[in-house]
Amino acid sequence: MWLILHSCLLLSCNYISVVLMTSLGTCKLQGHFELNGMYQDGDFLIGGLFEVQYLKAFAELSFRTEPKLPHCELFYMTSFQQAQTMVFAINEINNNPNLLPNITLGYQIYDNCLRLGVAFRGATALVSGTEETVSDLNCKGPPPVIGIIGDPGSTHSIAISSILGLFRLPMISYYATCSCLSDRKKYPSFFRTIPSDAFQVRAMIQILKHFGWTWVGLLYSDDDYGINAAQSFHQDVQHFGGCVAFSEILPNDNNYKEIQRIVGVIQGSTANVVVVFSTSSYLLPVVDEMLLKNVTGRQWIASEAWATSPVLLARRFKPVLGGTLGIAIRRGEIQGLGNFLLSIGPDNNSQNSMVRIFWENLFGCNFDTEGREGGKICSGQEDLSSTDTPYTDVSELRASYNVYKAVYALAHALHGLMKCEEGSGPFGGNSCADKTNLKPWQLVHYLQKVNFTTGFGDHVSFDKNGDALAIYDVLNWQPNSDGSVGVSTVGVVNEGAATGKVLTLNEEAIYWNFETNKPQQSVCSESCPPGTRRATRKGLPVCCFDCLPCADGEISNTTACPNDFWSNPVKDHCIPKKVEFLSYGDPLGISLTTVALLGTCFCALVIVIFAHYRKSPVVRSNNSELSFLLLLSLKLCFLCVLLFIGRPQLWTCQLRHAVFGISFVLCVSSILVKTMVVIAVFKSSRPEGKGAMKWFGAAQQRCTVLVLTALQVVICAIWLSTASPTPHKNSQYIRSIIVYECAIGSVAGFSMLLGYIGLLAAVSFLLAFLARNLPDNFNEAKFITFSMLIFCAVWIAFVPAYVSSPGKYAVAVEIFAILASSFGLLVAIFAPKCYIIILHPERNTKKAIMGRATQNK
């Protein structure tokens, strides 16, 4: 469509050029539009497009005769007030010595008759002028107007601004709200003093969010305004968690079947809130049908297009529309406007035909009575102050206030351009605009930077998209004492509020058209009670759900508890998780501690016995020094268990495995050396092995134990320095419990520690097994074989048990392995000796030992 419009404009220019070449050195317009308007001359003209009358239908285009000029009807008093507000603002600026001094502004205002065709004709007339001929051979020069105030319709503004944007002629709309007009690439010279629909939608979302209305119906008009607003609403309502129960397009042809269907949808829906983006003319048939079918009990949310509509404020619509909450453009006050509106009067200037039409409609008379009999003649002296119409009502200046701001914005932009000083201008080479030959794009530059405050205290400026600051009044339709319905301001939506609070509502002042006089709920499903979660119903929006019990570790609405917390039994709030570790107060901890201390005492007892009987043959014949060293290491093995019990700390985590590993290596290396000594002694008793003992003297035995233990110390040192064990909170075993344990840090380090112990144990077992058949007087190898068999069996069983045990029980398994292997070594090696020393001292003699040896031989 826009391509066609562009092409038409260019073809028109080419055709004018052809006529220019064949004429007597002049340009001539190819057509002249008879448009109703108002005119005042000045140094600079400002154009205006207003919806003053309504064109019911265009004349039929047969293309056989010249099209007839359209005839507009149905005069709108409020729109004429808006046009007169533009006139008032221009006159006020002309009388202001501080704004555009020595410059007089004029105006050329046209009526668009609410039709795109008429609006486009008016815009063309404003841009090209209405003079029949132009003497300039090249038809060059600035356009007759420096900018246009209007058009109020979004569809009209889209079409007109698409053309004006090619020439960067500024256009400031006071009522076009389509968010699509914020596209600076398509509409580079479009501005507006009314917020975009994107802001309006966000304002309405704020109201829905405030009252918790998440299940709403949507009606919208079948035009650019309604379609774009509906698209934005669908997107934004989902962001705050709401859903659209139904979305219907209002018919623009009064299709009764379609209207009945829409009313049926509203009546059958569970949504108690209905949002409407439309003008009153499209919504009126639906409201009539709802009134006829007595469909009430709905809360209406009105867009700015009908929030103050006098048609829908009629008393008969109160059962349906009473209590409506609406978004309206900011109300303002303009000092002196009321008196100015009462001071106008008709004249004979054909360019001021709009005033004459207004006069005829207001007083029911005619200036031209030709062909009419009995008609009332207008004198032009009728008293405006005696009338009471929307034209004279200045208590609710909204669209008119936007017109006022638009005119002042254009004036401030022109003022900034005129104040420019050469050498400090914004254009190439720091130049200023040619004040005698203004370029439209130069004025757009200054318009983008406009920043001023009105007499009412409102700040006026434009963002990068040409949009005004988003400020809305929240209106409520309330019954008056006489039964009529009025509009009251109950709040403000201000996205630029310094407090950060976008919506401010006086809820006590709101009238609710329900028996409870309270706001109704509008939700598809009630909020889930504590301890339950939402489960969306198949095929329905996310606002429709069932409530199911929360899973473990979750509370209401599938909110997962933090890492260290778990849901309480009723699952309505999170509580700290139970921390589990093997403590001294735990029965298992007490038992293991008791056994460890008991083992330590047994070791101490054996040490005392061996120390007391250190000169006895039983003690001396079994290498008493290694026996004492073995008892000491076993005592350390029992005591290291205490490091595994209690709340894990960094130092205990680092010491427990190191002490355990070194103690057991000391123990096993002592056994290994004892076994090697037994074998060496036996061999030295034979003639061929008499020199064997010189390699296993006391010094060599100590050195061997020391070297073997030192290797374990090195392994522990490397492990602790590279990947030291640390306390760790583990929730993998049982999600509801924190198992406080020591992370080993390095699996390789821990494996080397255990592997080295296992290697020494295996060698000891092998040597002891090979030496089990030696003579009795030397045969400690049998006891060592049995003890190492127990040791190896315990630690082989430990691995699968440790891996499969959760939490603190893994620590208990490790402690049990330490205690079992330690007791196994203690009992297998030392119990027979203690038995002889304590219970059979007669056998603790050299003669008895030697006698047994001789007997065996």
Side-chain angles (χ1 to χ4, degrees), residues 5 9 12 29-42 44-56 58 67-90 105-132 143-164 167 169-176 190 344 346-347 349-361 391 399-400 402-403 406-407 410 440:
L5 294 174
L9 185 63
S12 299
L29 292 176
Q30 295 305 296
H32 184 74
F33 304 133
E34 293 292 338
L35 299 170
N36 296 323
M38 294 186 292
Y39 174 79
Q40 175 179 295
D41 196 13
F44 295 99
L45 291 185
I46 299 177
L49 293 172
F50 293 85
E51 298 175 339
V52 179
Q53 288 184 283
Y54 176 61
L55 177 63
K56 290 187 176 180
F58 276 101
K68 295 181 180 180
L69 296 176
H71 178 68
C72 303
E73 304 174 4
L74 299 176
F75 197 89
Y76 291 100
M77 293 294 176
T78 53
S79 297
F80 184 66
Q81 182 199 72
Q82 295 159 15
Q84 286 297 333
T85 302
M86 175 176 169
V87 175
F88 171 79
I90 290 175
L105 295 179
Y107 54 83
Q108 177 67 73
I109 298 173
Y110 289 124
D111 177 15
N112 68 11
C113 294
L114 275 80
R115 291 290 183 176
L116 176 58
V118 179
F120 209 89
R121 293 178 183 184
T124 304
L126 291 174
V127 173
S128 62
T130 56
E131 296 180 6
E132 294 291 339
V145 296
I146 61 172
I148 296 178
I149 306 299
D151 185 287
S154 293
T155 301
H156 298 182
S157 294
I158 290 171
I160 296 170
S161 187
S162 297
I163 303 301
L164 299 187
F167 309 102
L169 184 71
M171 179 177 179
I172 309 178
S173 177
Y174 57 91
Y175 219 67
F190 180 82
I344 69 168
D347 57 29
N349 188 345
S350 61
Q351 291 182 301
N352 287 326
S353 59
M354 193 183 293
V355 179
R356 295 169 64 87
I357 296 172
F358 158 72
W359 208 266
E360 291 176 347
N361 279 272
Y391 167 74
S400 298
N402 279 351
V403 172
V407 174
L410 203 55

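The shown structure was predicted, so the numbers you read here are calculated from the model rather than taken from an experiment.
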**Q** Does Gln53 have any side-chain hydrogen bond (donor to acceptor under 3.5 Å, both in side chains) partners at least two apart in sequence or in another chain, and if so, which?
**A** Asn36
**Q** Using the side chain to side chain contact (heavy atoms under 4.5 Å, CB included) rule, take Tyr174 and Phe50 through it: C-alpha gap first, then chi angles, then the decisive distance, then the call.
**A** CA-CA 10 Å; Tyr174 57 91; Phe50 293 85; 2.9 Å; yes
**Q** Quick check: closest heavy atoms across Asp111 and Val118, and the distance to 0.1 Å?
**A** O-CG1, 3.5 Å
**Q** Find the distance between OG (Ser400) and CZ (Phe88) and round it off to the nearest 0.5 Å.
**A** 11.5 Å
**Q** List for me each residue that meets side chain to side chain contact (heavy atoms under 4.5 Å, CB included) alongside Tyr76, sequence neighbours excluded, and say none if there are none.
**A** Tyr54, Ser79, Leu114
**Q** For Leu126 and Leu49, what are the C-alpha separation, side-chain angles and deciding distance, and is it a side chain to side chain contact (heavy atoms under 4.5 Å, CB included)?
**A** CA-CA 9 Å; Leu126 291 174; Leu49 293 172; 4.1 Å; yes
**Q** Please report the shortest heavy-atom distance between Ile46 and Leu410, naming the atom on each side.
**A** CG2-CD2, 3.7 Å
**Q** Considering all heavy atoms of both residues, which atom of Ser157 and which atom of Ala176 are nearest to each other, and what is their separation?
**A** OG-CB, 3.4 Å
**Q** For Leu169 and Val145, which heavy atoms make the closest approach, and how far apart are they?
**A** CD1-O, 3.8 Å
**Q** Is there a side chain to side chain contact (heavy atoms under 4.5 Å, CB included) between Ile148 and Ile172 once you walk through the steps?
**A** CA-CA 6 Å; Ile148 296 178; Ile172 309 178; over 6 Å; no
**Q** Looking at every non-hydrogen atom in both residues, tell me the closest pair between Ala159 and Phe120 and how far apart they are.
**A** O-CE1, 3.8 Å
**Q** The criterion is side-chain hydrogen bond (donor to acceptor under 3.5 Å, both in side chains); which residues satisfy it with Asn361, sequence neighbours excluded?
**A** none
**Q** Does some side-chain heavy atom of Gln84 sit less than 4.5 Å from a side-chain heavy atom of Met38?
**A** yes
**Q** Could you work out, with side-chain hydrogen bond (donor to acceptor under 3.5 Å, both in side chains) as the rule, every residue matching Gln82, not counting sequence neighbours?
**A** none
**Q** OG of Ser353 to OH of Tyr39: how many Å apart, nearest 0.5 Å?
**A** 14.0 Å
**Q** Kindly compute the distance separating CD (Glu51) from CG (Leu74), expressed to the nearest 0.5 Å.
**A** 13.0 Å
**Q** Under the rule for side-chain hydrogen bond (donor to acceptor under 3.5 Å, both in side chains), what residues qualify as partners of Asp347, not counting sequence neighbours?
**A** Asn352
**Q** About how many Å separate CD1 of Ile90 and OH of Tyr107, when rounded to the nearest 0.5 Å?
**A** 7.5 Å
**Q** List in chain and number order the residues that pass side chain to side chain contact (heavy atoms under 4.5 Å, CB included) with Ala119, two or more places apart in sequence or in another chain; answer none if no residue qualifies.
**A** Asn112, Asp151, His156, Ile160
**Q** Please report the interatomic distance CG(Leu35) to SG(Cys113), rounded to the nearest 0.5 Å.
**A** 8.0 Å
**Q** Indicate the atoms forming the closest heavy-atom contact of Ile357 with Phe75, along with that distance.
**A** CG2-CD1, 3.6 Å
**Q** Roughly how far apart are Leu105 CG and Ile146 CD1, rounded to 0.5 Å?
**A** 6.0 Å
**Q** Residues two or more places apart in sequence or in another chain: which of them pass side chain to side chain contact (heavy atoms under 4.5 Å, CB included) with Ser161?
**A** Met171, Tyr187, Phe190
**Q** Would Gln40 and Gln351 satisfy side chain to side chain contact (heavy atoms under 4.5 Å, CB included), going step by step from the backbone distance to the final call?
**A** CA-CA 9 Å; Gln40 175 179 295; Gln351 291 182 301; over 6 Å; no
**Q** Suppose we screen for ring-ring contact (aromatic ring centres under 6.0 Å, His included). Which residues come up paired with Tyr391, at least two apart in sequence or across chains?
**A** Phe80, Phe358
